[in-house]
Amino acid sequence: MYNRNLRKPNPNKNIYKFISVKNKTSIMCESSLEYDTCFLFEYNVNIVSYQSQPSGFEYPFEGKKRFYTPDFLVEYVDLTKEYFEVKPSVRAVESEFVQKFNAIKVAVKQQQTSISLITERQIHIQPRLDNAKLLYRYADIQQLNPLQCEIVSFLRRQRLNKISAKVLAIKLNYSQGVVNSNVLALLSAGYIQADILNNKFNDEILLWVD
């Protein structure tokens with residue numbers, strides 16, 4: 001095992017820093033594509049934690065010992081872990097990379113874990129990515145304000161009924177803008193739910209509490 005340190009200054013690399021509320025630390029990324037991936041990990045309810053550049057490992061390739069560091073290591077709610085390699089799609093189909101990655105998958109399997117390759121085709125799916133970036137702007141609630149408490153309480157009383165943000169504003173007698181900003185903060189912190197994977201956030205999005 002060996003570790004790479006992206007926090008060490010390197011004039012030849014552009015390093016992106018993602019401040020993760022979920023991990024309570026900064027995540028260092030080597031590309032904008034990795035940076036965008038963090039938004040998806042941050043708001044995937046099945047992911048407990050994630051880290052970039054975890055401990056690397058050796059793998060054999062073409063009769064030689066090679067070293068590999070995954071881009072991310074993710075831990076899920078069921079305690080399983082998975083490595084992720086992030087690559088632009090044009091590089092992911094290059095013959096040399098495909099051969100190396102197949103060898104890496106064999107080495108990972110021997111560790112009794114798994115690795116997935118993701119490209120911009122999986123990362124830049126909309127409206128999921130834009131919604132995640134929007135939620136990130138409202139991250140890190142320290143304490144619920146009175147309106148946020150009122151929103152959560154109202155949605156709980158609806159039980160299985162889903163209420164749109166527009167109806168919520170009418171029922172609580174607040175402006176749509178004020179309700180939307182507080183709804184986004186609650187969604188970001190996980191107090192309420194909405195289908196942000198498939199629906200762009202707007203006044204019509206349906207909200208509920210599990």
Side-chain angles (χ1 to χ4, degrees), residues 1-20 22-23 25-136 195-200:
M1 295 287 184
Y2 72 103
N3 296 88
R4 295 177 64 204
N5 184 9
L6 295 186
R7 297 179 187 275
K8 185 177 180 180
N10 186 332
N12 299 317
K13 282 184 176 292
N14 291 322
I15 302 300
Y16 299 76
K17 180 187 291 187
F18 183 91
I19 307 301
S20 170
K22 177 176 284 188
N23 296 285
T25 188
S26 57
I27 305 295
M28 311 304 287
C29 305
E30 292 187 288
S31 69
S32 60
L33 199 56
E34 290 181 20
Y35 184 79
D36 283 346
T37 303
C38 289
F39 288 102
L40 304 182
F41 289 162
E42 190 78 9
Y43 293 105
N44 185 328
V45 295
N46 295 314
I47 292 176
V48 174
S49 65
Y50 59 96
Q51 60 176 298
S52 64
Q53 303 296 312
S55 296
F57 51 84
E58 298 176 355
Y59 73 100
F61 182 70
E62 295 182 339
K64 296 181 180 179
K65 183 186 298 183
R66 307 295 179 99
F67 296 93
Y68 170 71
T69 300
D71 291 323
F72 293 100
L73 175 62
V74 166
E75 181 176 352
Y76 295 101
V77 292
D78 62 2
L79 302 182
T80 59
K81 295 182 179 181
E82 183 177 13
Y83 291 118
F84 281 88
E85 174 69 17
V86 179
K87 275 283 185 290
S89 56
V90 293
R91 290 198 56 198
V93 296
E94 292 175 352
S95 177
E96 182 179 358
F97 172 78
V98 171
Q99 294 177 48
K100 284 184 177 180
F101 192 68
N102 284 336
I104 289 168
K105 286 194 291 185
V106 172
V108 169
K109 188 175 182 180
Q110 293 173 349
Q111 299 179 30
Q112 297 184 330
T113 186
S114 61
I115 186 169
S116 292
L117 171 64
I118 53 176
T119 72
E120 75 279 0
R121 294 175 181 173
Q122 291 80 42
I123 298 165
H124 290 164
I125 293 174
Q126 299 295 358
R128 182 181 64 180
L129 180 59
D130 281 350
N131 281 342
K133 289 184 175 182
L134 181 60
L135 292 182
Y136 184 73
D195 185 7
I196 60 171
L197 296 182
N198 301 304
N199 298 291
K200 184 176 179 61

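From a predicted model like this one, the values you see are computed outputs, not experimental measurements.
The nearest pair of heavy atoms linking Phe72 to Cys29 is CZ-SG, 4.4 Å. Heavy-atom minimum distance, Pro70 versus Pro54: O-CD, 3.3 Å. Taking both residues in full, the closest heavy atoms of Ala132 and Leu40 are given as CB-CD2, 4.5 Å, listed atom of the first, atom of the second, then distance.
In this structure, a donor-acceptor pair under 3.5 Å is absent between the side chains of Thr25 and Asn23. In the model, Glu82 has a side-chain atom that pairs as donor or acceptor with a side-chain atom of Tyr76 under 3.5 Å.
Atom CG of residue Asp36 and atom NZ of residue Lys133 lie 4.0 Å apart, to the nearest 0.5 angstrom. Residue Leu129 holds its CG atom at 11.0 Å from CD1 of Ile196, rounded to the nearest 0.5 Å. The structure places CG of Asn46 at 8.0 Å from CG of Asp78, a figure rounded to the nearest 0.5 Å. Between Asn44 atom CG and Leu197 atom CG the span is 8.0 Å, to the nearest 0.5 Å. Tyr83 contributes atom OH, which lies 8.0 Å from atom NZ of Lys81 (distance to the nearest 0.5 angstrom). Rounding to the nearest 0.5 angstrom, the gap separating the CD1 atom in Ile123 from the OH atom in Tyr35 is 14.0 Å.
Contact annotation: the side chain of Arg66 never approaches that of Glu58 to less than 4.5 Å [non-hydrogen atoms, C-beta and beyond]. Ile104 has its side chain out of reach of Glu85: every pair of non-hydrogen atoms, C-beta onward, lies at least 4.5 Å apart. Contact of the Glu34 side chain with the Phe18 side chain is not registered, since no non-hydrogen atoms from C-beta on lie closer than 4.5 Å. Two residues are said to be in side-chain contact when any heavy atoms from C-beta on lie closer than 4.5 Å; Tyr68 and Ile115 meet this criterion. Looking at heavy atoms from C-beta onward, Phe57 lies in side-chain contact with Val108 at the 4.5 angstrom threshold. Between Val106 and Tyr59 there is no side-chain heavy-atom pair separated by less than 4.5 Å. In this structure, the side chains of Val98 and Glu94 stay at 4.5 Å or more apart for every pair of heavy atoms.
For the side-chain contact (heavy atoms from CB on, under 4.5 Å) test with Val86, the passing option among Asp71, Thr119, Leu117 is Asp71; the others fail.
Taking the six-membered ring for Trp and the full ring otherwise, Tyr136 and Tyr43 have centroids separated by 6.0 Å or more. A distance of 6.0 Å or more separates the ring centres of Phe84 and Tyr50.
Counting only distance, with no hydrogens or angles, the side chain of Asn131 and the backbone of Asn199 share a donor-acceptor pair below 3.5 Å. A distance-only check finds no donor-acceptor pair linking the side chain of Ser52 to the backbone of Ile27 [under 3.5 Å]. In this structure, the side chain of Lys87 does not engage the main chain of Phe97 through any donor-acceptor pair within 3.5 Å. Listed for the Glu42 side chain is a donor-acceptor partner under 3.5 Å among the backbone atoms of Lys22. Looking at Gln53, its side chain never comes within 3.5 Å of a backbone N or O of Thr69 through a donor-acceptor pair. For the pair Gln126 (side chain) and Asp130 (backbone), a donor-acceptor distance under 3.5 Å is present.
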